[in-house]
Amino acid sequence: MSERGGGGRHFHGGGGRNGTLSCLVQLLGFCSTKLRTLQVSRSGNKQQAWAVKEKENPRGGSGKHLLLGGGGGGGGGGTTAASAAAAAASGISSRHAGLWAAFFICSLSLLVLFNNASLVSDHLRTKVVVYRQHQASKHRGNVEGREGGGGRGGGGSSSRGIKLETGSPPRFPWRHEAKKDAAAKKGASSSSSAVSVLPKTPHPCEGFKIPPPPTDKKRTGPRPCPVCYLPEDMAIREMPEEQRYVSPVLKHLSYVSDLGGARRSRQPPLQGAAGSAFGGYPTLEERSESFEIRESMRVHCGFVKGDTPGVGTGFDIDEDDRLEMNACQGIVVASAIFGNYDQLQQPKNMSQEAKQSVCFFLFVDQETETALEQNESFLSTKKLGLWHIVVVHNLPYTDARRNGKVPKLLLHRLFPNVRFSLWVDGKLELVVDPYKILERFLWRTNDTFAISEHYKRFDVFLEAEANKAAAKYDNASIDSQIEFYRSEGLSPYSTAKLPITSDVPEGCVIVREHTPIANLFSCLWFNEVDRFTPRDQISFGIVRDKLAAKVPWHINMFKDCERRNFVVQGYHKDLLEQRAALMNLEQSRSSANQVSGAAADPKPEVKLEVLPMKVEPDTIHKKEGEGRATSLRKMQELSRTAYQS
């Protein structure tokens, strides 16, 4: 810009490279303006001189007034001619001086511009970007959010509404589908209602397909497969801004609390399917009502003994730990070990950003705490590696597996200020950055809840039979639960449920955004675990289907091989102890054969190598009321049978 003041011309440019370039451009503009002014001045002087020259003396004198000042009675004309001549001479001299000055300034400006070619290129590129952003801002007000129905394995459409801010480039350019055809179908013909669209930018992972597993006759079980992740910095930029998600129907979710204790004194309606005091003993009528989705809801969701989870509610937490949990915002990675049942696994391959901004919390009971006290760092800082250890008191259940369902399904209650959570079972080792996982399974597919399919089974009825065969829980309780679900309309899986591809999850990893509808699903799933058996894989499908029938919301059920890409499958401690006992038994037998002079039979070694592969990691669990000693005896009997064969 230029301003006039004090008789001079002032050039203004911002600081830095852009300011310098602006100043040079203004100089060029000044040069062109000066040249045009001089041209006009020169033309005006010529016209004035010719007008004086052609003016004749009114008495008939014919002298040249411009040069001679007139003759015979032309005194007045002579004065005029002299003035015009002086003006013309002055104009010619100033014109030459101004022309040379303008030429000098233009030459200097061009020289500086040629020496700063990159500066000019950057400036032009910036102008192009600003122009494109200006064009894009014309239609951003009409963009209401992400298109629904993305992702796999879900019925219905996603309702995540992403409203782009005017004047800023889209955060998810590959998510905006062309709306020109839709506008034409609606009859939008006027220019004011026409929707201009941005060209679709493909996601870097668009077109990626999971390759078939490698052919390996020696390995036939489940294995990891490649997953296309974005780099950490790109994944972080894809995090949706707060309050961008619009929960379908449900907007406000609150939780039942029973400070007076009236519900805790209620008699269980059915033995084995009654719930607990921690869950509040919800009736079947209350259970049915909780599946009727409304804008504002109040449901049972554990911790009914008080208003604040972890304070006199069961599953009690020390005040210092609670303050740390309340201070956690953004993303939390959580796990739990109860009954000293698993070995502590440290996350690996975490980015520096994740180490600084992501919370890592591990919930343990006092038995596990005793085992962890062997580490000096835990005694002084209550931390082991990345994990912040939270010791839980007054556990609500006698079964360690059922206690583990509290943090697994109710993280939104334990961490009220967290937006995203990643649950990892205590036996698993996390080996991929949380930002990459969230971008891949939530943000990219516009989902709020993601869980992997079971690696082998996809039908609830088959899953129930497998649980009974493996003695994972009381068979009568499993049968009672399945019959109840059958009476509610649960049917075996068939292709009629497509695009849903499975009714059975591999529930050791859960990725979610803490939105009202996702929190409601977690609460209702926990209520099923509290009322029936702790086998959450059996109750998952019925809760998902009931919600999907009421609102357009679905769960991203990704492949189990993708889950195995970012967590390393481990084994529970009791299974590791049993395998160690088998190895010790084999070593003892080999030593005895060597002492007696008999050659060691290689067949038992081969059988021992095959036997653990037939036993899946989750096959042998503690049955309620059955200790590890009983499980160990069963395994030893199995090993003796193998030796005898």
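All values below come from the heavy atoms of this structure, side chains included, with hydrogens, waters and symmetry mates left out. If you read the sequence from its start, that first residue is 1, and numbering goes on from there.
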**Student:** Would you say the rings of Phe415 and Phe420 are close, in the sense that their centroids are separated by under 6.0 Å?
**Tutor:**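 Not under 6.0 Å, so no.
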**Student:** Once you round to the nearest 0.5 Å, how far does CG of Asp342 lie from CG of Asp425?
**Tutor:**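 Between Asp342 CG and Asp425 CG, I get 7.5 Å after rounding to 0.5 Å.
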**Student:** Can you sort out the partners of Glu483 under salt bridge (charged side-chain N to carboxylate O under 4.0 Å, His left out), two or more places apart, ordered by chain and number?
**Tutor:**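 Once residues adjacent in sequence are excluded, the partners of Glu483 under the salt bridge (charged side-chain N to carboxylate O under 4.0 Å, His left out) criterion are Arg486.
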**Student:** Is any side-chain N of the basic residue among Asp321 and Lys382 closer than 4.0 Å to the acidic one's carboxylate O?
**Tutor:**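 So Asp321 pairs with Lys382 through a salt bridge.
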**Student:** Would you check if Ile555 and Asp447 make a side-chain contact, meaning some heavy-atom pair closer than 4.5 Å?
**Tutor:** no
**Student:** State yes or no: are the ring centers of Phe540 and Trp525 separated by less than 6.0 Å?
**Tutor:**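 Yes: the rings meet the under 6.0 Å criterion.
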**Student:** Is there a side chain to side chain contact (heavy atoms under 4.5 Å, CB included) between Leu438 and Leu422? Walk through the geometry before answering.
**Tutor:** CA-CA 8 Å; Leu438 288 166; Leu422 173 61; 5.6 Å; no
**Student:** Between Asp399 (side chain) and Arg401 (backbone), is there a donor-acceptor pair under 3.5 Å?
**Tutor:** yes
**Student:** What class does the angle between the rings of Trp553 and Phe449 fall in, given that below 30° is parallel, 30 to 60° is tilted and above 60° is perpendicular?
**Tutor:** perpendicular
**Student:** With sequence neighbours left out, what residues match Gln366 under side-chain hydrogen bond (donor to acceptor under 3.5 Å, both in side chains)?
**Tutor:** His393
**Student:** With a 6.0 Å cut-off on the ring centroids, do Phe532 and Tyr485 count as close?
**Tutor:** yes
**Student:** Just verifying a value: how many Å separate Phe526 CZ and Lys408 NZ, rounded to the nearest 0.5 Å?
**Tutor:** 12.5 Å
**Student:** Within this structure, what is the CD1-OG distance for the pair Ile482 and Ser477, rounded to the nearest 0.5 Å?
**Tutor:** 12.0 Å
**Student:** Taking all atoms of both residues into account, what is the closest heavy-atom pair of Thr533 and Ile478, and its distance?
**Tutor:** CG2-N, 4.0 Å
**Student:** Show me the pairs that pass side-chain hydrogen bond (donor to acceptor under 3.5 Å, both in side chains) and involve residues 458-467, at least two apart or across chains.
**Tutor:**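 Qualifying pairs: Arg457-Glu463, Glu463-Asn467, Glu465-Lys468, Asn467-Arg535.
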**Student:** With sequence neighbours left out, write down each residue that passes side-chain hydrogen bond (donor to acceptor under 3.5 Å, both in side chains) with Ser351, or none if nothing qualifies.
**Tutor:**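 With sequence neighbours excluded, Ser351 shows a side-chain hydrogen bond (donor to acceptor under 3.5 Å, both in side chains) to Asp433, given in chain and number order.
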**Student:** Mind checking the CZ-CD spacing from Phe441 to Glu439? Nearest 0.5 Å is all I need.
**Tutor:**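 Going from CZ on Phe441 over to CD on Glu439, the span is 10.0 Å.
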**Student:** Excluding sequence neighbours, so at least two apart, what forms disulfide (SG to SG under 2.5 Å) with Cys225?
**Tutor:** Cys561
**Student:** Can you name the residues that form a salt bridge (charged side-chain N to carboxylate O under 4.0 Å, His left out) with Lys383, not counting sequence neighbours?
**Tutor:**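 Not a single residue meets the salt bridge (charged side-chain N to carboxylate O under 4.0 Å, His left out) criterion with Lys383.
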**Student:** Which residues satisfy the salt bridge (charged side-chain N to carboxylate O under 4.0 Å, His left out) test with Arg287, sequence neighbours excluded?
**Tutor:** Glu488, Glu528
**Student:** Sort and list the pairs that fulfil disulfide bond (SG atoms under 2.5 Å apart) and have at least one residue in residues 304-386, not counting sequence neighbours.
**Tutor:**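 Matches after skipping sequence neighbours: Cys328-Cys359.
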**Student:** Let me know which of Pro282, Ser539, Ser276 forms a side-chain contact (heavy atoms from CB on, under 4.5 Å) with Arg531.
**Tutor:**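 Of the listed options, the one satisfying the test is Pro282.
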**Student:** Might you work through the side-chain hydrogen bond (donor to acceptor under 3.5 Å, both in side chains) test for Tyr229 and Asn565, ending with a clear yes or no?
**Tutor:** CA-CA 11 Å; Tyr229 300 109; Asn565 180 279; 2.8 Å; yes
**Student:** For Asp560, what residues pass the salt bridge (charged side-chain N to carboxylate O under 4.0 Å, His left out) criterion, not counting sequence neighbours?
**Tutor:**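 If we apply the salt bridge (charged side-chain N to carboxylate O under 4.0 Å, His left out) test to Asp560, skipping adjacent residues, the hits are Arg563, Arg564.
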**Student:** Look at atom CD of Glu289 and say whether more than 12 heavy atoms of other residues, nucleotides or ligands are closer to it than 6.0 Å.
**Tutor:**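 Count not over threshold, so no.
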**Student:** With Ser335, which residues qualify under side-chain hydrogen bond (donor to acceptor under 3.5 Å, both in side chains), at least two apart?
**Tutor:** none
**Student:** Between CG of Leu410 and CZ of Phe278, what distance do you get to the nearest 0.5 Å?
**Tutor:**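 If we round to the nearest 0.5 Å, Leu410:CG and Phe278:CZ are 6.0 Å apart.
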**Student:** Could you state the interatomic distance from CD1 (Ile337) to CG (Asn403), rounded to the nearest 0.5 Å?
**Tutor:** 14.0 Å
**Student:** Could you please spell out the steps behind the salt bridge (Lys or Arg N to Asp or Glu O under 4.0 Å) verdict for Lys559 and Glu562?
**Tutor:** CA-CA 5 Å; Lys559 295 183 180 299; Glu562 294 178 292; over 6 Å; no
**Student:** Where do Asp530 and Gly279 come nearest, in terms of heavy atoms and distance?
**Tutor:**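 Heavy atoms only, the tightest pair is OD2-CA, 3.8 Å.
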**Student:** Is atom CD of Glu319 surrounded by more than 12 heavy atoms (other residues, nucleotides or ligands) closer than 6.0 Å?
**Tutor:**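 Yes, CD of Glu319 has more than 12 neighbouring heavy atoms, counting only those of other groups under 6.0 Å.
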**Student:** Pair Tyr435, Ser357 - check side-chain hydrogen bond (donor to acceptor under 3.5 Å, both in side chains), show working.
**Tutor:** CA-CA 10 Å; Tyr435 285 106; Ser357 61; 2.7 Å; yes
**Student:** For Lys348, enumerate each residue passing the side-chain hydrogen bond (donor to acceptor under 3.5 Å, both in side chains) test, keeping only those at least two apart in sequence or located in another chain.
**Tutor:** Glu429
**Student:** I want to check something: taking the side chain as every heavy atom from C-beta on, are His514 and Ser421 in contact at a cut-off of under 4.5 Å?
**Tutor:**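 Contact flag for His514/Ser421 side chains = yes.
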**Student:** Under the 6.0 Å and 45° cation-pi test, does Arg413 pair with Phe303?
**Tutor:**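 No.
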**Student:** Once you measure the plane-to-plane angle for Tyr493 and Phe458, does it fall in the parallel (<30°), tilted (30-60°) or perpendicular (>60°) bin?
**Tutor:** perpendicular
**Student:** Can you run down the disulfide bond (SG atoms under 2.5 Å apart) pairs that involve residues 393-423, sequence neighbours left out, and say none if there aren't any?
**Tutor:**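 Qualifying pairs: none.
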**Student:** Treating Asn375 as the side-chain partner and Phe378 as the backbone partner, does any N or O pair qualify as donor plus acceptor under 3.5 Å?
**Tutor:**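 No; judged by distance alone, with no hydrogens or angles, the pair does not exist.
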**Student:** Counting neighbours of CD on Glu376 that are heavy atoms of other residues, nucleotides or ligands and sit closer than 6.0 Å, is the number greater than 12?
**Tutor:**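 For Glu376, atom CD is not crowded (no more than 12 foreign heavy atoms under 6.0 Å).
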**Student:** Between Asn519 and Ser522, does the side-chain hydrogen bond (donor to acceptor under 3.5 Å, both in side chains) criterion hold? Intermediate values first, please.
**Tutor:** CA-CA 5 Å; Asn519 294 343; Ser522 298; 5.4 Å; no
